[in-house]
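Okay, structure first, notes after.
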Amino acid sequence: QVRLVESGGGLVQVGGSLRLSCAVSGFTLDYYAIGWFRQAPGKEREGVSCISSSDDTTYYADSVKGRFTISRDRVKHMGYLQMNSLKPEDTADYFCAVDLAPGPVPCSISSEYTYDNWGQGTQVTVSS
């Protein structure tokens, strides 16, 4: 059974940094895309960043480009989202997800339905 567990959320001041982690377990695949999404109170879930399964190509939402960095550790089956220069509008629950589609398919953050499994989320609050 695939399981994803996020950690690293918390309360941070404007301009601060957080590093979110996503522990992936329960399957033996070496190649899968990882996506990070977030959902602010009263808003729909939106894609933040993803890293592709085969070549680690990364994609970012315009709102986080230059501030967030996604990465992964294939050996440890971990995904990471380094968030710098945080803003109040970054406040949200952050979710990681995996896309198990085979082959060298670029990842996408345009649709959450691309992803097969999700974590429970970790809360990020940026205070001004």
Side-chain angles (χ1 to χ4, degrees):
Q1 182 179 356
V2 178
R3 185 172 181 230
L4 285 74
V5 179
E6 302 93 337
S7 61
L11 175 64
V12 64
Q13 291 187 332
V14 169
S17 299
L18 284 173
R19 188 193 194 206
L20 304 184
S21 298
C22 175
V24 182
S25 63
F27 64 102
T28 58
L29 293 176
D30 291 328
Y31 292 93
Y32 49 88
I34 298 174
W36 285 94
F37 290 75
R38 67 186 180 186
Q39 187 167 19
K43 295 187 177 181
E44 293 186 353
R45 189 150 54 183
E46 63 173 353
V48 175
S49 180
C50 67
I51 184 165
S52 295
S53 62
S54 59
D55 61 3
D56 289 348
T57 301
T58 58
Y59 298 89
Y60 298 92
D62 288 342
S63 58
V64 306
K65 279 181 182 176
R67 301 188 297 121
F68 291 11
T69 303
I70 190 172
S71 61
R72 68 190 303 161
D73 184 324
R74 290 186 184 274
V75 175
K76 295 181 179 179
H77 288 283
M78 294 290 296
Y80 305 98
L81 186 68
Q82 177 67 42
M83 307 187 298
N84 299 328
S85 302
L86 283 162
K87 304 176 181 180
E89 50 264 43
D90 295 319
T91 295
D93 291 326
Y94 283 73
F95 302 86
C96 67
V98 293
D99 175 3
L100 305 179
V105 178
C107 67
S108 172
I109 54 173
S110 61
S111 173
E112 62 183 275
Y113 300 106
T114 301
Y115 292 83
D116 302 285
N117 300 92
W118 293 79
Q120 293 300 306
T122 185
Q123 189 174 54
V124 172
T125 303
V126 184
S127 65
S128 56

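Keep in mind the model is a prediction, meaning the values are calculated, not measured.
- Of all heavy-atom pairs between S52 and C107, the closest is OG-N, 2.9 Å.
- Taking the ring axis of Y60 as reference, the NZ or CZ atom of R67 does not stay both within 45° of it and closer than 6.0 Å to the ring centre.
- Criterion: ILVMFWY side-chain heavy atoms under 4.5 Å apart, direct or through other members. Under it, V2 and Y115 are not part of a common hydrophobic cluster.
- To the nearest 0.5 angstrom, D93 atom CG is 8.0 Å from T125 atom OG1.
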* To do: Decide side chain to side chain contact (heavy atoms under 4.5 Å, CB included) for Y32 and V24; before the verdict, give the C-alpha distance in whole Å, the side-chain angles of both, and the deciding distance to 0.1 Å.
  => CA-CA 10 Å; Y32 49 88; V24 182; 4.0 Å; yes
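- Taking the side chain as every heavy atom from C-beta outward, R38 and S63 approach each other to under 4.5 Å.
- Between V14 and P88, the closest side-chain pair of non-hydrogen atoms falls below 4.5 Å.
- L20 CG to S49 OG: the interatomic distance, rounded to the nearest 0.5 Å, is 11.0 Å.
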* Please report the C-alpha distance between L100 and N117 in whole Å, then the side-chain angles of each, then the deciding distance to 0.1 Å, and finally whether the side chain to side chain contact (heavy atoms under 4.5 Å, CB included) criterion is met. => CA-CA 9 Å; L100 305 179; N117 300 92; 3.8 Å; yes
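- Contact check for D99 versus S53: no side-chain heavy atoms found under the 4.5 Å cut-off.
- Rounding to the nearest 0.5 angstrom, the gap separating the OG atom in S111 from the CZ atom in F37 is 7.0 Å.
- Under the 4.5 Å side-chain heavy-atom criterion for Ile, Leu, Val, Met, Phe, Trp and Tyr, F68 and Y59 are members of distinct hydrophobic clusters.
- In the hydrophobic clustering of this structure, I51 groups with Y94; members are Ile, Leu, Val, Met, Phe, Trp, Tyr whose side-chain heavy atoms approach within less than 4.5 Å, directly or through other members.
- Looking at Y80 and D73, their side chains come closer than 4.5 Å, going by heavy atoms from C-beta outward.
- Rounded to the nearest 0.5 angstrom, E44 CD and Q39 CD are separated by 8.5 Å.
- By the neighbour-count criterion of 12 heavy atoms within 6.0 Å, atom CD of Q13 is sparsely surrounded, having that number or fewer from other residues, nucleotides or ligands.
- When each of D90, V64, I109 is paired with V48, the side chain to side chain contact (heavy atoms under 4.5 Å, CB included) condition holds for V64 and for no other.
- By the 6.0 Å contact criterion, CD on Q120 is open, its count of non-hydrogen atoms from other residues, nucleotides or ligands being 12 or less.
- Under a hydrophobic clustering in which Ile, Leu, Val, Met, Phe, Trp and Tyr are joined whenever their side-chain heavy atoms come within less than 4.5 Å, directly or via other members, Y31 and I34 fall into different clusters.
- Inter-residue side-chain proximity for S25 and H77 is flagged as unmet; no heavy-atom pair is nearer than 4.5 Å.
- For the pair L18 and V126, the minimum side-chain heavy-atom distance is 4.5 Å or more.
- Within the 3.5 Å criterion, the main-chain N or O of C96 finds a donor-acceptor partner in the side chain of E6.
- Cluster annotation: L86 is not connected to L11 through the hydrophobic network of ILVMFWY side chains, with a link wherever side-chain heavy atoms come within less than 4.5 Å.
- Using the six-membered ring where Trp is involved, F95 and W118 have ring planes that are perpendicular, over 60° apart on the 30 and 60° scheme.
- Two residues are said to be in side-chain contact when any heavy atoms from C-beta on lie closer than 4.5 Å; M78 and S21 meet this criterion.
- Contact of the R74 side chain with the R72 side chain is registered, since non-hydrogen atoms from C-beta on lie closer than 4.5 Å.
- What you find for W36 and G79 is that their closest heavy atoms are CZ2-O, 4.1 Å.
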